[in-house]
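Here's the structure, in structure tokens; my notes come after.
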Number of protein chains: 2
Amino acid sequence: MRKLPAKLASQLYGAAELIAERGLDGTKIEDIAEATGIPKATIYYHLDGKNAVLEFLLSDLLDMIAGAVGVAVSSSEDARTRLEAAVLAQLGVMLEHPFLCRALVGDLGRATRLPELAGALRTAFYEPIEQLLAEGVSDGSLRQVADPGAVALSVFGAITVVGLSAAVEGPSVDPSTAAVRFSAAVSDLVLDGLATPGSRDQRRGEPL
Amino acid sequence: MRKLPAKLASQLYGAAELIAERGLDGTKIEDIAEATGIPKATIYYHLDGKNAVLEFLLSDLLDMIAGAVGVAVSSSEDARTRLEAAVLAQLGVMLEHPFLCRALVGDLGRATRLPELAGALRTAFYEPIEQLLAEGVSDGSLRQVADPGAVALSVFGAITVVGLSAAVEGPSVDPSTAAVRFSAAVSDLVLDGLATPGSRDQRRGEPL
DNA sequence: TGTTGGTTTGTACTGGGAGTACAAACTACG
DNA sequence: CGTAGTTTGTACTCCCAGTACAAACCAACA
């Protein structure tokens with residue numbers, strides 16, 4: 001898979017909506033050719049088939065997410081603040097690209113079975129969070145939990161599902177406003193939890 | 001799609017691992033026939049094709065989850081406690097059926113495009129939580145949040161992603177122990193949050 | 001026992017679409 | 001011009017889902 005020329009790359013995005021709508025299987029190569037204006041023969045000249053089309057689109061999305069989150073995470077604030085920033089960054093990118101997100105949900109299975117993508121998925125979504133939780137414990141802005149791995153996974157799940165679900169609901173008029181709204185909800189949950197002060201009865205000994 | 005006889009139904013589960021491993025597309029009907037011992041012609045006599053196989057398997061999984069969560073939710077405890085029970089119940093079923101879960105992730109797109117399943121998915125996963133959060137506010141065991149819908153979605157995401165990821169990691173030796181462990185982590189996060197007491201600086205005015 | 005109606009299964013076929021082969025045209029650069 | 005990469009149309013091949021159908025099988029029941 002040689003790196004394909006910028007022009008073709010940009011045309012390929014025209015296929016995202018199609019794939020999002022019908023899934024990769026429901027989308028014929030001919031359809032992609034028609035939607036993008038790139039003839040079938042040319043597609044096959046550059047890419048190794050349908051999967052490669054999806055792989056190209058999704059790895060791009062994952063790069064964007066990883067990039068945005070990376071920036072958010074590397075400020076000099078405390079970990080708690082950076083976590084909020086990371087949540088916002090991830091949701092921002094996701095809402096900015098609803099079709100890619102829908103394609104991702106739709107062919108998640110195939111995506112996880114494509115080795116490159118599986119790794120990129122981890123890098124984009126999961127690792128920054130895991131990292132941040134650890135740093136939060138060090139700098140005292142986040143509390144220690146019993147099972148950091150599982151908790152990081154939960155946080156990752158909370159963010160991602162909100163983002164995907166928003167994408168599936170359909171493109172929003174104003175993605176960045178929506179991102180702010182959703183990220184507030186997620187951060188609220190993840191930082192402060194749902195228990196009322198009165199019902200916080202079984203903490204593991206740290207003072208209230 | 002007439003209701004298919006119990007014997008065939010049970011045989012069909014033999015296809016779950018196959019589908020989980022390779023995805024529905026990577027699985028030929030002939031493979032399913034071989035794995036289950038049900039000849040292709042018989043499969044087609046009862047089911048409307050490959051999708052129907054998946055649909056059958058998944059709707060069963062979703063029923064199990066909806067059932068277990070339903071039980072957990074309908075005790076007479078306060079909402080907070082029932083939420084914990086629901087988390088445990090959902091993860092319990094998911095870890096009990098890793099192959100079905102993997103098939104679900106793998107063909108999530110197709111699943112959401114199958115109208116019956118999309119509804120069942122919502123019923124099994126999302127609605128009970130949404131309900132519970134509302135009840136928690138009434139009975140005082142959970143706090144009020146600004147955007148209940150988005151928060152419910154986050155909680156749903158946290159649970160589900162943990163479950164799916166555990167399923168993808170491979171079947172565990174002792175599913176119910178694993179379920180307890182994971183549900184503890186999720187409940188811990190969802191109820192108490194990650195902020196340290198010192199950093200709880202921007203709550204919306206409710207007293208600490 | 002024969003008859004009827006559903007189920008089971010093997011075999012052979014059809015059709016659609018992914019991917020391939022290939023040659024002709026086009027482009028760029030020396 | 002010549003050489004090398006790219007673009008594209010056309011015409012394939014091949015695989016596999018789904019269908020057709022007929023023969024067997026298995027009740028129940030008169």
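For residues 89-104 of chain A, the set of pairs meeting the side chain to side chain donor-acceptor pair (under 3.5 Å) definition, not counting sequence neighbours, comprises A:E21-A:R102, A:Q90-A:T160. For residues 105-115 of chain A, the set of pairs meeting the side chain to side chain donor-acceptor pair (under 3.5 Å) definition, not counting sequence neighbours, comprises A:D25-A:R110, A:N51-A:R110, A:D107-A:R110, A:R110-B:D25.
Rounding to whole angstrom units, NE2 of residue A:H46 and P of C:dG19 are separated by 17 Å. Rounded to an integer number of Å, the gap from B:L47 CG to C:dT8 C1' is 15 Å. Rounded to whole Å, the distance from NZ on A:K7 to C1' on D:dT7 is 11 Å. The CD1 atom of B:I43 sits 11 Å away from the P atom of D:dG18 (whole-angstrom rounding).
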Using distance only, find each side-chain donor-acceptor pair of residues 4-16 of chain B under 3.5 Å and give its atom names and separation, not counting sequence neighbours.
residue	atom	partner	partner atom	Å
B:S10	OG	B:K7	O	2.9
B:Q11	NE2	B:T36	O	3.1
B:Y13	OH	B:D60	OD2	2.1

N/O donor-acceptor pairs under 3.5 Å from side chains in residues 145-153 of chain A, not counting sequence neighbours:
residue	atom	partner	partner atom	Å
A:D147	OD1	A:A150	N	3.2
A:D147	OD2	B:R181	NH1	3.2

Collect all protein-nucleotide pairs involving nucleotides 8-10 of chain D in which both atoms are nitrogen or oxygen and the distance is under 3.5 Å.
residue	atom	partner	partner atom	Å
D:dT8	OP2	A:T42	OG1	2.9

Please list, pair by pair, any protein nitrogen or oxygen found under 3.5 Å from a nitrogen or oxygen in nucleotides 23-27 of chain C.
none

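Taking the ring-ring contact (aromatic ring centres under 6.0 Å, His included) definition, one finds that A:F125 meets it with A:F156, sequence neighbours left out. Residues satisfying the side-chain contact (heavy atoms from CB on, under 4.5 Å) criterion with A:A85, sequence neighbours excluded, are A:A72. Partners of A:D78 according to the salt bridge (Lys or Arg N to Asp or Glu O under 4.0 Å) rule, which considers only residues two or more places apart in sequence or in another chain, do not exist here. Every salt bridge (Lys or Arg N to Asp or Glu O under 4.0 Å) that B:D31 has, sequence neighbours left out, goes to B:R22. Applying the side-chain contact (heavy atoms from CB on, under 4.5 Å) rule to B:T123 yields the partners B:E127; only residues at least two apart in sequence or on another chain are considered.
Without hydrogens or angle criteria, B:R143 side chain to A:G193 main chain gives a donor-acceptor distance under 3.5 Å.
Contacts between residues 9-33 of chain B and DNA chain C, defined by a heavy-atom separation below 4.0 Å, involve no residue at all.
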